[in-house]
Peer 1: 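Pasting a structure here, questions to come.
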Protein chains: 2
Amino acid sequence: MKKVGTKSKILDAAQDCVQRVGANAMSYQDISDAVGIQKASIHYHFPTKERLIEALIDRYSERFFSLVQSIVESELSPETKLRRYGLLFEAMLSEGERGKVCLCGILGAELATMSPVATDNIRRFFRENEKRLAEILDEGRREGAFKFEGDSRSMATLVFSLLEGAMLVVRADEGTQRFGAIMRQMIKLVCP
Amino acid sequence: MKKVGTKSKILDAAQDCVQRVGANAMSYQDISDAVGIQKASIHYHFPTKERLIEALIDRYSERFFSLVQSIVESELSPETKLRRYGLLFEAMLSEGERGKVCLCGILGAELATMSPVATDNIRRFFRENEKRLAEILDEGRREGAFKFEGDSRSMATLVFSLLEGAMLVVRADEGTQRFGAIMRQMIKLVCP
DNA sequence: GTCTATATAGAGATAGAC
DNA sequence: GTCTATCTCTATATAGAC
């Protein structure tokens, strides 16, 4: 049994809110309502909104890469790894009423209003994802499971952009199943 | 010589701002500064911010589809059509200091805070783009210029998501040239 | 049409009691 | 650690003079 402190609850509520409406539309009042704590109390844990957002990115990145790493290091086939990777994103779209998108994806859209530290870490999230994806794609191509032209890093950037973009585009149609269709189409493109 | 009225100047300033920072971070003060008009005067032309955003989407969609239509109806090769289509997005990234992204792309990220009318029209923008893109892809496949599995509509959704996502991802790296790399990689995937 | 002045609401943040 | 109370700033929006 892991104790869930207030700090963690604040992060949970803030993350949920940001993934739905974005950082600029998320307010301390929203967190206050969700956690059942006064607005002022939030400042005890996170002095400013900027630091709260930065903490959000850190925790999200850590958790996400932990999941990605377990996929990359598994004994699954490259194709299954790619599918599982895509499912990490697809799962977010299914959460709750209208679905969430990737935290760093939505913050990427709001990048111009982020702090320098946040900007750096969002950029790092993008790059690290591309790196892991490139590993999967590269392994798959060497084994003959995948077939594509060009270097695997470019291909990884393409796939990552595709997934981040698909979350936003598909959400406008309230269609989680459309994300799956895009995933399958992507798999068709790289499987010989 | 076309007369450029205040209403048009307001839309220009607002669009520029939204494409850089998003609708939630764009304020009447920003427009006031850019146009050289008082905040209150903006309300004469657009009674509320919601209507201003809706007008923004309408004008942007109309202009964008006019450009897309001229590509679709041209005598260019399917591959060149696809390239030209991608260049419409790439051109935005090159505008000004840190570049802009697609208006409807960034509003798609902020979708949960948009008015119902705006939401509908952003969704329509996505669907219409996919439709035109599907025409290009379908024509290319029939001619043998493109080669891909599945239906052209799924492929169109994939390509559109890819371009919208790439704008956001690439901007974090201040790399316009990376967008071109993704475009080339995408072309490689569909050209036999 | 554009201005000045103002209304009203909400944001993030701080001080100090408990 | 959390509360109440309050501050300051900025946002959108309105009223009425010019």
Side-chain angles (χ1 to χ4, degrees), chain A residues 2-57 59 106-107 109-119, chain B residues 2-57 59 106-107 109-119:
Chain A
K2 174 143 179 288
K3 177 178 178 290
V4 180
T6 304
K7 191 162 185 166
S8 167
K9 282 184 193 156
I10 292 170
L11 287 170
D12 291 343
Q15 181 176 330
D16 184 84
C17 197
V18 172
Q19 287 188 277
R20 292 182 198 285
V21 306
N24 291 325
M26 182 271 284
S27 74
Y28 275 43
Q29 189 62 58
D30 295 326
I31 301 172
S32 169
D33 294 341
V35 178
I37 193 182
Q38 292 301 311
K39 279 193 301 173
S41 307
I42 302 169
H43 289 278
Y44 171 81
H45 301 279
F46 303 97
T48 64
K49 191 177 177 182
E50 281 196 353
R51 298 232 187 132
L52 171 56
I53 299 288
E54 289 161 10
L56 231 41
I57 298 168
R59 194 184 69 155
I106 201 161
L107 294 183
E110 296 178 299
L111 200 73
T113 62
M114 294 289 111
S115 73
V117 171
T119 302
Chain B
K2 173 136 178 294
K3 178 179 176 288
V4 179
T6 304
K7 191 163 186 166
S8 167
K9 280 184 194 156
I10 291 171
L11 287 170
D12 291 344
Q15 181 175 330
D16 184 85
C17 196
V18 172
Q19 288 188 277
R20 293 182 197 284
V21 305
N24 290 325
M26 182 271 285
S27 73
Y28 275 45
Q29 188 63 59
D30 295 327
I31 300 172
S32 169
D33 294 342
V35 179
I37 192 181
Q38 290 303 310
K39 282 191 296 175
S41 307
I42 302 169
H43 288 277
Y44 172 80
H45 300 279
F46 304 97
T48 65
K49 190 178 176 181
E50 281 197 352
R51 298 232 187 132
L52 171 57
I53 300 288
E54 290 161 9
L56 231 41
I57 297 168
R59 193 183 70 156
I106 201 161
L107 294 182
E110 296 178 300
L111 199 73
T113 62
M114 295 289 110
S115 74
V117 172
T119 302

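First the proteins, then the strands, lettered A, B, ... as listed; each starts at 1. Just so you know, these numbers come straight off a predicted model, no measurement behind them.
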Peer 1: Quick check: are there more than 12 heavy atoms from other residues, nucleotides or ligands sitting under 6.0 Å from CZ of A:R59?
Peer 2: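 Count over threshold, so yes.
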Peer 1: Given C:dA13, D:dA13, C:dT2, identify the nucleotide with an atom nearest to the side chain of B:Y44.
Peer 2: C:dT2
Peer 1: With side chains defined as the heavy atoms from C-beta onward, is the minimum distance between A:I53 and A:M26 less than 4.5 Å?
Peer 2: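 Touching, per the 4.5 Å side-chain cut-off.
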Peer 1: Round to a whole Å and report the spacing from CD of A:E50 to P of C:dA11.
Peer 2: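 Interatomic distance, CD of A:E50 to P of C:dA11: 18 Å.
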Peer 1: Look at the side-chain N and O atoms of B:T48 and state whether any lies under 4.0 Å from the OP1 or OP2 oxygen of D:dT12.
Peer 2: no
Peer 1: Does B:S27 make a side-chain N or O approach to OP1 or OP2 of D:dA11 shorter than 4.0 Å?
Peer 2: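 For B:S27, the contact criterion (side-chain N or O under 4.0 Å from OP1 or OP2 of D:dA11) is met.
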Peer 1: Can you tell me how far P of C:dT4 sits from CD1 of B:I42, to the nearest Å?
Peer 2: 13 Å
Peer 1: Between C:dT14, D:dT14, C:dC3, which one does the side chain of B:Q38 approach most closely?
Peer 2: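 Looking only at side-chain atoms, B:Q38 lies closest to C:dC3.
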Peer 1: What integer distance in Å separates A:K39:NZ from D:dG1:P?
Peer 2: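 A:K39 atom NZ is separated from D:dG1 atom P by 22 Å.
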Peer 1: Can you see if the side chain of A:S41 gets near the phosphate of D:dC3 - specifically, an N or O under 4.0 Å from OP1 or OP2?
Peer 2: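 For A:S41, the contact criterion (side-chain N or O under 4.0 Å from OP1 or OP2 of D:dC3) is met.
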Peer 1: Quickly work out the A:N24 CG to C:dG12 C1' distance and round it to whole Å.
Peer 2: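 Answer to the nearest Å: 13 Å.
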Peer 1: Rounded to the nearest angstrom, tell me the gap between atom NZ in B:K49 and atom P in C:dA9.
Peer 2: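 Rounded to the whole Å, the gap is 19 Å.
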Peer 1: Return the value, rounded to whole Å, for the distance between atom NE2 of A:H43 and atom C1' of D:dT6.
Peer 2: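 A:H43 atom NE2 is separated from D:dT6 atom C1' by 13 Å.
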Peer 1: Are B:H45 and C:dT2 close enough that a side-chain N or O sits under 4.0 Å from OP1 or OP2?
Peer 2: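 Answer is yes, contact under 4.0 Å.
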Peer 1: Got a donor-acceptor contact below 3.5 angstrom from the B:K39 side chain to the B:S27 backbone?
Peer 2: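 Between the backbone of B:S27 and the side chain of B:K39 there is no qualifying donor-acceptor contact (under 3.5 Å).
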Peer 1: Quick one: is the NZ or CZ of A:K7 closer than 6.0 Å to the six-membered ring centre of A:F46, and within 45° of its axis?
Peer 2: yes
Peer 1: Starting at the 5' end of DNA chain C, which residue's closest nucleotide do you reach first, A:D30 or A:A40?
Peer 2: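 Whichever sits nearer the 5' end wins; that is A:D30.
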Peer 1: Provide, to the nearest angstrom, the distance between the CZ atom belonging to B:F46 and the P atom belonging to C:dT2.
Peer 2: 12 Å
Peer 1: Quick one: does B:I106's side chain get under 4.5 Å of B:Q19's, heavy atoms only?
Peer 2: no
Peer 1: Check the phosphate of C:dA13 against A:Y28, side-chain N and O only, distance under 4.0 Å to OP1 or OP2. Yes or no?
Peer 2: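 True: A:Y28 side-chain N/O within range (under 4.0 Å) of C:dA13 OP1/OP2.
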Peer 1: Please state whether the phosphate of D:dT2, meaning OP1 or OP2, lies under 4.0 angstrom from any side-chain nitrogen or oxygen of A:T6.
Peer 2: yes
